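Just so you know, these numbers come straight off a predicted model, no measurement behind them. Letters A, B, ... are given to chains in the order of the sequence lines, protein chains preceding strands, and every chain is numbered from 1.
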Amino acid sequence: MSFKDLKWLVNRRIINKKNIIFIIVFTILITIMFLCLTLVFYNIDTKYKFPKEDDNSRILIAYGDSSRYEDLKNINHVLEVESTRYLNVILAPATEFKKDDMDTIIWVHTYFQDLNYKIKNGRNIENQWEVICPDSFYPYSSSIGNETNKIKPSLFLKGTEIIGKTFKVTSKNEDHLNQEYTFTIVGTYDAKKTTNEVNSCYTSKESMDYLLSKYKGYGTNTYSDGTTYEIRDEFDDVMVRVDKYENVEEVAKAIDEKGFNVQRALYVNENQIDLSISQTVLVFIILILICVNIIYNFILKKRKYNENYNELLKSCGYNKEEIYNIELLENLELVTISIIISLILYFIIYFIMTKFVLMYALYNNLRIDIPYFGLLINIILIYNSAAVCSFSISNKSKK
Amino acid sequence: MNIENIEKIYQTTKEKVVALSEVTYEFKKGKFYAIMGHSGSGKSTLLSILGCLETNYTGSYKIEGKDVSKLNDEELSKIRMKKIGFVFQDYFLDEHLKAYENVMLPMLINSEIKKEERQEKAMNLIKKMGLEERMNHYPKALSGGEQQRICLARALANNPDYILADEPTGNLDEVNEEKVFTELKKLCKEGKCVIAVSHSNEIKKYADEIITLKGGKIVK
């Protein structure tokens, strides 16, 4: 029997009540599997990928003999040693961008060369009072649960729209207290490869020197005679900027060996993440087992249901292999139809979730990537299950 | 078709059931054979063996001198395709296929019939059954008698020498029963061998030989 004839026969018979029910049930199951798989890979990314993209993951905080901080620069893989002062941010009210009664705010950070952000529009910072901002820019506050500040995707500004725009900041530096300075946006960076909020802009150290407070904190103390005096907490620790996330452990060890206290700037709760990974993997495995179970039982029931039809084919002269091929092709076509519909549903749900529902993710550039490779493996697994189940049931009935 | 000392035993968990015992007969082309007997006498079992659908039996079975009892599934399938046409009581038409497509079904595996010839051949067979205006209808739109005649056309798709009919008129009224038996008789005159299992006494008017089975044996 030619493949064309086989296909013709299968296609003429494929639309019936039982098959439609199977397609509906299986489509729902596969769509859930795809979504679950996305979550599995998202959790894996949270452990292995996102920390690398978070700039703070390459920063160690060292505290000790301040006269020896320069020594830390000699440690292998260390790029810079700077005051932790530059880890602080300046908040700009950004009223220049106000729209629709939304609360505006821009976070201004210090730019270090090792950040190496890819400039998508305009240029990088060259002079004082210049900033680069995210290429998809949202200069508004995000208050989850607060209806007035609900994230509105329509208010995201494109990189090309913001070049040349300015906004004012007020200095917190004690030497320039409350003085106003104006920033000009000279370029936009690709924030999608970072975990920055969508209103995080960067400026030079020279600009931040004018804006950041010189002290960690303030306090008041009392003399024995009852009079009070101001205490100013100096920045007495340093940030050590490491070239790669993979080298942070090694550098931390080296800092410790030099007699400094050391801790990571970014704490990743690996136990929590491992638990999330385990849970989602477990759910996925359960879904695979359900999937195989459904395929197997459906094919078994279909075989019983088609007993008379198969006897008819046999009486017409169809041999066992030809009858098996008809069954197999029909099963694979049903699975294919289910997978195609599932993929469409999955992409629709993915788009809606990432663009409209998961606003927090949108705001923090937390990417929920489509795990293409994982989806492909999943699809191959499903096809294999269908083929193996068909073969197994066919072999059983031959006995 | 020559069968000699055919014995078929069904083994259940509790007992052995002898469906056929010491059955010997010769079926010739150009003749109409009626196999009759009460329920459970072995009629359908005999027909299954003759149609090479049942292979688990003892005895000798030859078609045109060739011993088919030792053949494998593929070889038996070829014999069924080339030599034998089946008509069933419940028609077993594929409801997803039109009438002429049902008739084409056996042709899909016959490499001797070219693809371009199939539809014409199927339509000619349907015309022969007097159902030209029904060829594009689905089985649901056909009466019982019409469905059975489409089955007959399907059985003739690969121009077999032998037609095996299992209660072909079991679900039909008198008028349609007569039509079906008449068609079967015509086939004998064309040189085919027709073997039909039936409860109906009407078949005696058409059959050349009556074979009566009782308790799995031919009764003379």
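Using a 4.5 Å cut-off between heavy atoms, A/L313 touches chain B through its side chain atoms alone. Contacts between B/K115 and chain A at a heavy-atom distance below 4.5 Å involve the side chain alone, from C-beta outward. With a 4.5 angstrom heavy-atom cutoff, A/L9 touches chain B only via side-chain atoms.
By the 6.0 Å contact criterion, CD on B/E74 is open, its count of non-hydrogen atoms from other residues, nucleotides or ligands being 12 or less. Atom OH of A/Y305 has 12 or fewer neighbouring heavy atoms from other residues, nucleotides or ligands inside a 6.0 Å radius. The number of heavy-atom neighbours closer than 6.0 Å to CD of B/E75, taken from other residues, nucleotides and ligands shown, is above 12. Dense packing is recorded around CZ of A/F347, with more than 12 heavy atoms of other residues, nucleotides or ligands lying under 6.0 Å away. Dense packing is recorded around NZ of B/K185, with more than 12 heavy atoms of other residues, nucleotides or ligands lying under 6.0 Å away. Atom CD of B/E190 sits in a crowded spot, with more than 12 heavy atoms from other residues, nucleotides or ligands closer than 6.0 Å. The number of heavy atoms from other shown groups lying within 6.0 Å of NE2 (B/H199) is above 12.
Atom CG of residue A/N319 and atom CD1 of residue B/I109 lie 7.5 Å apart, to the nearest 0.5 angstrom. Note: B/R80 CZ to A/Y318 OH = 12.5 Å, rounded to the nearest 0.5 Å. Distance OG/A/S315 to CZ/B/F92: 9.0 Å, rounded to 0.5 Å. Atom CE of B/M104 sits about 8.0 Å away from atom CG of A/D5, to the nearest 0.5 Å. Put simply, CG on B/N110 and SG on A/C316 are 11.5 Å apart, with the number rounded to the nearest 0.5 Å. With rounding to the nearest 0.5 angstrom, the CG atom of B/D73 is 7.5 Å from the CD1 atom of A/I323.
Side-chain contact between B/L105 and A/L312 is present, with heavy atoms from C-beta onward closer than 4.5 Å. Between B/F88 and A/N308, every side-chain heavy-atom pair lies at or beyond the 4.5 Å cut-off.
Looking at every heavy atom in both residues, B/L53 comes nearest to A/K314 through O-NZ, 3.5 Å.
If you tally non-hydrogen atom pairs under 4.5 Å between each of B/R154, B/E101, B/M81 and chain A, the highest count goes to B/E101.
Not a single donor-acceptor pair under 3.5 Å links the side chain of A/R13 to the backbone N or O of B/H96.
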